[in-house]
Amino acid sequence: MKKSDILIILFGFLIVIACFIGYLYFHLNETVFYIICGITFATVVLYFYIRNYKDSSYGAKFHDRY
């Protein structure tokens with residue numbers, strides 16, 4: 001894991017925590033809470049999937065036989 005990976009995970013976690021606090025104390029709509037959390041989760045997962053696919057397929061070190 002790179003340091004940027006940890007920062008992205010923490011940033012997503014902080015967004016979810018902020019939405020949860022907004023839902024509990026500031027009367028954030030339940031639908032908006034689920035939408036923001038879903039978008040945050042999907043964005044983080046998609047980012048890691050694309051980065052891992054790019055690293056594995058295009059930027060990875062190939063074996064000598066390739």
Applying the 4.5 Å side-chain criterion to the ILVMFWY set and letting contacts propagate, would Ile17 and Phe11 be lumped into a single cluster? yes
Could you state whether Ile9 and Leu7 fall into the same hydrophobic cluster, counting links through intermediate Ile, Leu, Val, Met, Phe, Trp or Tyr residues with side-chain heavy atoms under 4.5 angstrom apart? no
Parallel, tilted or perpendicular: which describes the rings of Tyr23 and Phe33, with under 30° parallel and over 60° perpendicular? parallel
Transitive ILVMFWY side-chain link Tyr49 to Phe41, under 4.5 Å: no
Examine Leu28 and Leu14 and state if one hydrophobic cluster contains both, with Ile, Leu, Val, Met, Phe, Trp and Tyr joined whenever side-chain heavy atoms are less than 4.5 Å apart. no
In the hydrophobic clustering that connects Ile, Leu, Val, Met, Phe, Trp and Tyr at side-chain heavy-atom distances below 4.5 Å, which members other than Ile35 occupy its cluster, ordered by chain and number? Ile39
According to a 4.5 Å side-chain heavy-atom criterion applied to Ile, Leu, Val, Met, Phe, Trp and Tyr, with indirect links allowed, do Val16 and Phe20 form part of one hydrophobic cluster? no
Rounded to the nearest 0.5 Å, the CG atom of Leu10 sits from the CD1 atom of Ile15 at a distance of 11.5 Å
Roughly how far, to the nearest 0.5 Å, is CD1 of Ile21 from CZ of Phe26? 8.0 Å
